[in-house]
Structure formats: C-alpha cells, structure tokens
Amino acid sequence: MALLSLLTTMFVVLVLSRFQLGNFQLVFNDQNVVEAIRKELLIPGWGVNTTDFCSWAGISCSSNNSMVERLDLSGFRLQGNVTLISELKALKWLDLSHNNFQGSIPLSFGNLSMLQYLDLSFNKFGNSIPSELGKLKNLKALNLSNNWLTGVVPNELKGLENLQDFQISTNSLYGTIPFWVGNLTNLKVLAAYENEFSGDIPFNLGLNSELSLLNLHSNQLQGTIPESICANGNLKFLVLTQNKLNGTIPESIGNCKGLSSIRIGNNNLIGGVPKAVGNISSLTYFEADSNSLSGEIVAEFAKCSNLTLLNLASNEFSGTIPPEFGELNNLQELIVSGNNLYGEIPTSVLKCKNLNKLDLSNNKFNGTIPADICNTSRLQYLLLGENSIRGEIPHEIGNCVKLLELQMGNNELIGSIPSEIGHMKNLQISLNLSHNHLHGQLPQDLGKLDKLVSLDVSDNQLSGNIPSALKGMQSLIEVNFSSNRFTGPIPTFAPFQKSPNSSFLGNKGLCGDPLSGGCGDLNGYNHRIYGHKVSYRIVLAVIGSGLAVFVSVTVVVLLFMMRENQEKAAAKEAGIAIEETSSKPVILAGNVFVDNLKQAIDFDAVVKAVMKDSNKTSVGTFSTVYRADMPSGMILSVKKLKSMDRTIIHHQSKMIRELEKLSKLVHDNLARPVGFGIYEDVVLLLHQYYANGTLAQYLHTSSQEPEYKPDWPTRLAIAVGVAEGLAFLHHVAIIHLDISSGNVLLDSNFRPLVSEVEISRLLDPSRGTASISAVAGSFGYIPPEYAYTMQVTAPGNVYSYGVVLLEILTTRLPVDEDFGEGIDLVKWVHGAPARGETPEQILDARLSTISFSWRKEMLAALKIALLCTDVTPAKRPKMKKVVEMLQEITES
C-alpha cells in the first residue's frame, strides 16, 4: 500500500509538471512533491502539526506563489531516494548535508535551473560527479565534500561561471585539477583536499578571481606553487601540505598581505623562504616542515607581529635563529627541529611572553643552557634533544614550573642532575636526560614528579642506589635506567617490575626484578652451589605431575570441542544463526586499568552487549556508546569507535600507551577510561556508567518533564565543572575534538565529567599537516573558523564551550528551526539586540524569574558565553580565564 501511494503521488507530480495551469496548479504541484518527499525520506516532524508545507522544518517558500525556494534537510541522518527533489523547480537553496544518502547524485539535479546553493557534503554519494551539474548556471556554492565520489572532475562544470565556493574534499577523485577552475572569475573558495589529484596546480589559479581560500592538502600534486595565487592579493588561507610539490616558495606570496595561514609542509620544496614574507602583516601560522628548504631562517619573520606558530622542522636550514624573533610577542610555538642550526640557545626567543613550545631538537646547537631558560612563564614544551649542548643543567631549571615535557637527551651535558627538577610538579609527558655525561646520584626530589609518565636517564655515568623515593612517581609507565653505574636492589615498585629488563641492563651492581636473579647473596657463590644440590627425585616428581596435568587438560579440551560441535549442530537444527553460538571474538589486546575492577569486568559480556542495538545509549561523531551489564552486577558504558577510525588498530602499542596515560590523568571533571579491548576490526573503550546520562539529556529531556524543578545553582555548578575540566585539558596540552552537551556526563550528584577525551589523543590530528577522517565536532558546536582552517584549536574549544553555556542558560538546542533559516543558537543570541530583545528575554524564564539573585548570576554568565562565542578566535578568553570569571559569579 505504501508503494502504491508513492507511485500515485509521483504520477500526480509527473502529470502536473507537464501542464502550465497558473499559479494555483503550481502551488499544488510543489505541495505534492513535498508530500512525496516526506513519504520517501520519512522526515521527522513533517506534517505532524500542520498541513501548511511551507511552515515545515527546513522549507522556505516564495512570498507570492508558495513555491519552495529553500530546502534544508541537513543533519537528519536521512536515507532514501532524493530524485524527487528535482521537481521543485523554483529551488534556489538545497542543503542535504550530514545525512546517509547513497548511490549516485541524481542527474536530474541539473534541471534545477534556479539553484544557487547546493550542499551534498557528509553523505555516501558514490560514482562520478554528474556532468549535468554544469547546467546550473546560477550556482554560487557547490559542496560535495566527504562522500564516496570517484573519477575526474567533469569539464562540463566549467559552465558554472558564477561559482564562488567550490568544495570537493575527502573523496576519491583523481586526475588533474582542471585548468578551467582558474577561469572562474568569481571563485573565492577552492577546497579539494584528501583526494587523489595529480599533476600541476593550474598556473592561472587566482589570476582572474578573488581567491581567498585554497586547500589542496593530502593529494599527489606535483609541479610548483603557482605565482598566480597571490596575483590579486586576496588569499587568506593557503594549505598545500602532504603533496609532491617542488620548486621554490614564490616571491609573490608577499603580495598576500591578508594571508593568515600558510601550510606547505610535507612536500619537496627547495630554496629559502622569501624575505617578502615580512610583508604579510596578518600572518598567524607558517608551517613548511618536512621539505628540503635551505639557507638561513630569514629575520623578516619578526615583522609578522601576529605570528603564533612557526614550524620549519625537518628541512636543511643552517645558521642561527635570528635574535629579532624576540620581538614576536604573540609567538606560541617555535619548531625548528631536524635542521643544521647551530650556536647558542636563542635567549631572545625566551623573552616571548606567550611562548608555549620551543623545539630545537636534532640540530647542532652547541652552547649552554641559559639560567633564565624559563623566564617565560608559559613554556610547557622544551625540546633540546640531539644537539651538542654542553655544560651543566642549571639549578634554575626548577623555575620551569609549567613544563609538561623536557627533552635534553643526546647532548654533551655534564655534572649532576639538579634536585630542583623535582619542583616541576606539572611535568607529565616525559623527562629525558639520556645519552649525556651526567654523574652522581639520582636526586630524591625526582619522586615528587607524581604526574610524570616517562623517565629516561639511560647512557650516563650515574651511580649509587635507585632511590626508593621514586615510588612517589605514581604515574610512571616508561622508565630507562640502563647503561649507568647504579648499584644495589631495584626498589619494589610496580612500574619498575613491569618494565623490560633492558631498562636496567648495563649496571653491573644492580639486582632484583625485572633483572634475572635475586639480591639475597650478592657474591652468589654459595647460592649457586646450593642450587646444584636439588634432589633429582623432586625434579622427577615435578615432571611427572606436569605430565599428569597435561594429559588431564588435553582430555578436557577434547571433550569441550566435542560439546561445542554438538551445540553448533543443534543451533543449525533450531534455525539459530551460527554466529550467535560460534566461538567468541578473538581479543588482540585488552586491559583493565583499575585493579579493584579487574574481577568485575567480563570482556565476553562487553562484546555481547555491543552486539545488541537495544543496549545503544547514544551515537556521537566518532563513536557509538552502549550499556553493558556485567555478570558481577557492575554496569559499564562501552564506547565502540566507528569504522572510519579503525586505522588506529594498526598502531596498537601507541594507542595502548595513550590509554594508559589517560587512565592516570586525574581531575574531578574528566571521564577517564577504565579499560579497553582491541579486536580484529573494532576498538572498545570501557568507562564507568553514569545513570544521570548526559548534560544534553538533562537540559533538553528532563526539563520538559512535568515534575521538572528549576535549579539554577546546579546548572551553574555544571558550567563551572565543565570549564574546569577543559581548562585542565588545555593545561596538559590536549585539545578536545568534540565538545558538546552530549559529551558531558553527569554522575549521581550531577557532577559533570567531560568525556571523549581519549578520542582527542588517539586521533591526535597534527597542526595543519594531518587531518582526521570526520569533521571534528558536533553540528551546532563547530567554531566558524573551522570551515576554513580545518584545524582543532584551543580557541575553537572555547567557542564550543560557549555554545554549551548558552544551552545551560537558555535550555535551547544548538540548532533549532525556531531560530529561522541559517540561524543557530549563537547567531540567535548575538542577534537579540537587532530583534529588539533584552538579555532577560534570551534566558530560560523558568529559572531567571525565580529570584533576582538567580537572574543576576545568569546575566553575568551570559556575558561570559558571549565572549566565548566571539566570531574572532583571538578575542575569546582562555579556558583558565573562563573558570576564573565563573568562579567570581559563584563567590558573589
């Protein structure tokens, strides 16, 4: 019957499309088309409360004849045939992004002659791009990114003379980027990254247009960077990383004075950086790592006053670092590792007050470590390894109280390890002093580094005992004391005993686990003699017992196999799928980090729970979450990583280390993994289960129930907790990939815990040179600059948090049809003054009208949310400052 109804509707549409009977008939035509689309795609909410199709979600009609001009079905996770949409002849705007549509893009879309905006991104459309789209002469924006498209870009698209925004990223397109793209005089955005394009970049690209964004990273492009891209000086974002480009950086790049980001790493570029780079006053990011660039680092970079990141790693630069770099007050990261630089450690750079990371590793620096190495209070990463740095480690190193990582291995350092290193309480990632000429004993104060994960002091001349005070390093996972002069017993400490014996070899006087042999008699002679006197009868008895056990086990195994075969045969007779009674999935690796939970967690029960859709509790950008009831009575929350991220299975050891580190990351507002399981084609992450669900459920589900009681203090406490959790993550240099109310868990006391932290570490997108396989973030929370930079940043995290805070204050969804077309929660709030609304009218009246003090606190929190969601990333406060401002509200 449903099929008959659909065929009938399609017949009516077909008949009406053949006759021109005036406006009345045209209205009826569009109405029938929309009805047919509703039945085909099962669009939620359509036709529920009204028959006026022009008022349905995502539809906008013309004012005179009610023909559909705009259709926005983005983010509904729809599937089905979308060909019927091509009968809406007046369409100017069509957005089908973030759904599950499959098959080919309908050829009939080429008949939508009025169309100006077409977005089919983040679906599963396959096959080639239809040449029929070239008939859309009015098209200004075409986005086909993140699909399964293949083949070449059809030449028929050169007819899109009005095209301003052309995005075809993350597909399997190949061939060359057509020459005619450079002839599109209105083109502003070209994004074709993560494909298989080869050949040259068109030499006329940007020559005849106002090109502002060019992103072609992760292809097979060759040839040179064309001089034309900066011909008109409009370019703001240039991303060409991970290609095979050669030649030099064009001198004309200095014409693009509005350039904010230059990312040309992982290519085959040669020559030096043009001095004209100093003309780019707005330059924020410059990444040219992993090329064959040479010459000296030009001092003209110092003229780029907005520069925050300079990455010239893995090239052939020589000379010294220009002292003028000390003028870069906004510089946060200077990465020049893997070059031929020499001289002293640049003290001028250490004066950059915002410096967060200094990576000078793998060069030829031969000076000493300056005593004022940590004059900059924000330094978190100091990487000096693999140089020829000499002298002693200054006692002032203890002033580096914010350091998370300290690498000084493979140098010429002498003297002893200063005890002041123990003052660096935030040191967490690594302390590497290996391959130097250090002597003396390990300082007892090292034991105060209770957050440190990796310690390496190998290949030095250190002596004495390994101090038992090192047991205070509760977070240790990796240690290396090898090739020194240590003596005495290895302290009984789990991280030591779990380490391979290679971590302690090369110390003649060292004994105890994990080295073979005990420490009972260090001379060993009498012990060895006694060992030869063991009775042969005892040996034979042990061997006999072993054989008996072996035979017994063999019989049990054979009986078990016979029983399993009988059960499978019975399952077939009963019509049960063999898979349901087959042997359990083979676990490649798995562990439970919390000792007192190991007996309570059953991996077989975890797998069975994930196989049932009824156990599914939520679906996120990167994972699906299930409830798993253990036989012990414990309840787990199991996160199954989506298939698109399974490549991390091939890096098991790195993944396991990251998970172990995160399990030790202690903060009251972070959800830590309690274990994991890696199978052949899936990764399962284990967490505690929280019955109060997520913040999204608390705000948008429970608040709609009749028994709901307004409680602003609880909401404010949640807002503070989430901010503190994120501030801590930023403090330990973790940028969250997907901040949303759905990724904030609430425990039994409504204490918030930020989840999905491990996803951020496992995927770990590098800064601008690598990309993740899905868009980073949830719909409605993604900062506006992400569309251009495709980079996850701390300011972007602040924006996403601001959206969460607005949710808390307004009880509104981030994306709501009530806001109007193209308006999300942020735009709706920021647009209140233009609508003539007061701040009080934005707030949830059920809370703000309870008391004057509640309203006053909510208005103060609203100001913070507005700061966090500022369109300019540089104007947003840091999360630490957000915490301070929120705490002022609670204290007042």
Side-chain angles (χ1 to χ4, degrees), residues 74-75 98 618 620-622 669 694-701 703 715-716 718-727 729-730 735-746 752-757 759-760 775-789 791-820 822-832 839 842-844 847 858-879 881-883 885-886 889:
S74 60
H98 294 273
S618 65
T621 304
F622 302 106
N669 299 111
T694 66
L695 175 59
Q697 293 166 336
Y698 171 70
L699 292 174
H700 307 303
T701 303
S703 63
R715 292 199 188 189
L716 179 57
I718 292 173
V720 173
V722 176
E724 289 181 334
L726 288 175
L729 287 180
H730 290 184
I735 307 299
H736 203 290
L737 290 188
D738 190 12
I739 297 169
S740 68
S741 60
N743 284 332
V744 175
L745 305 174
L746 300 176
L753 299 102
V754 178
S755 67
E756 293 276 277
V757 178
I759 302 297
S760 306
V775 66
S778 296
F779 199 47
Y781 298 88
I782 303 171
E785 68 271 13
Y786 182 82
Y788 297 99
T789 66
Q791 184 184 19
V792 186
T793 63
N797 275 189
V798 175
Y799 179 93
S800 301
Y801 172 79
V803 179
V804 173
L805 185 53
L806 288 177
E807 278 185 89
I808 291 173
L809 290 163
T810 65
T811 322
R812 294 274 201 157
L813 291 166
V815 179
D816 194 322
E817 60 188 62
D818 292 342
F819 297 148
I823 306 296
D824 57 17
L825 178 57
V826 173
K827 291 179 181 176
W828 179 76
V829 171
H830 281 265
I842 297 172
L843 305 175
D844 186 342
L847 293 130
M858 292 178 73
L859 289 171
L862 178 60
K863 291 181 180 179
I864 299 172
L866 292 174
L867 290 173
C868 292
T869 53
D870 193 291
V871 69
T872 304
K875 292 183 179 179
R876 299 170 198 155
K878 290 183 170 56
M879 282 309 308
K881 181 63 176 177
V882 173
V883 172
M885 290 188 292
L886 287 171
I889 296 175

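- Residues L843 and P839 have side chains not in contact (no heavy-atom distance under 4.5 Å, counting atoms from C-beta outward).
- With rounding to the nearest 0.5 angstrom, the CG atom of L866 is 9.0 Å from the CG atom of L805.
- Listed by chain and residue number, L670, V722, L726, H736, V757 satisfy the side chain to side chain contact (heavy atoms under 4.5 Å, CB included) test with V754 (two or more places apart in sequence, or in another chain).
- Distance NE2/H700 to CG/L813: 4.5 Å, rounded to 0.5 Å.
- Considering only residues two or more places apart in sequence or on other chains, D870 meets the side chain to side chain contact (heavy atoms under 4.5 Å, CB included) condition with T872, K875, R876.
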Test side chain to side chain contact (heavy atoms under 4.5 Å, CB included) applied to I808 and L695, step by step: CA-CA 9 Å; I808 291 173; L695 175 59; 4.2 Å; yes
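- The CG atom of L716 lies 11.0 Å from the CG atom of L847; values are rounded to the nearest 0.5 Å.
- Residues forming a side-chain hydrogen bond (donor to acceptor under 3.5 Å, both in side chains) with S755 (at least two apart in sequence, or on another chain): none.
- For T811, the side-chain hydrogen bond (donor to acceptor under 3.5 Å, both in side chains) partners two or more places apart in sequence, or in a different chain, are R715, D844.
- Scanning all heavy atoms of the two residues, the minimum distance from V803 to P814 falls at CG1-CB, 4.1 Å.
- Between W828 and D816 there is no side-chain heavy-atom pair separated by less than 4.5 Å.
- Heavy-atom minimum distance, V871 versus P873: O-CD, 3.4 Å.
- Using a 4.5 Å heavy-atom threshold, the side chains of V804 and Y781 count as touching.
- With sequence neighbours left out, A723 forms a side chain to side chain contact (heavy atoms under 4.5 Å, CB included) with Y801, M879, V882, V883, L886.
- Remark: side-chain polar atoms of N669 are paired, donor with acceptor, to backbone N or O of P752 under 3.5 angstrom.
- Annotation: side chain of L809 is not in contact with side chain of I842 (no heavy-atom distance under 4.5 Å).
- With contacts defined as side-chain heavy-atom distances shorter than 4.5 Å, the pair L737/E756 does not qualify.
- Interatomic distance, CG of L867 versus NZ of K881, reported as 10.0 Å (0.5 Å rounding).
- Taking the side chain to side chain contact (heavy atoms under 4.5 Å, CB included) definition, one finds that T694 meets it with A696, Q697, L745, sequence neighbours left out.
- Note that the CZ atom of F819 and the CG atom of D824 stand 8.0 Å from one another [nearest 0.5 Å].
- In this structure, OG1 in T869 is found 11.5 Å from CD1 in I864, a value given to the nearest 0.5 Å.
- S800 is listed as a side-chain neighbour of P783, based on a closest heavy-atom distance under 4.5 Å.
- By the 4.5 Å heavy-atom criterion applied to side chains, N743 and I739 are not counted as neighbours.
- Contact of the Y698 side chain with the S741 side chain is not registered, since no non-hydrogen atoms from C-beta on lie closer than 4.5 Å.
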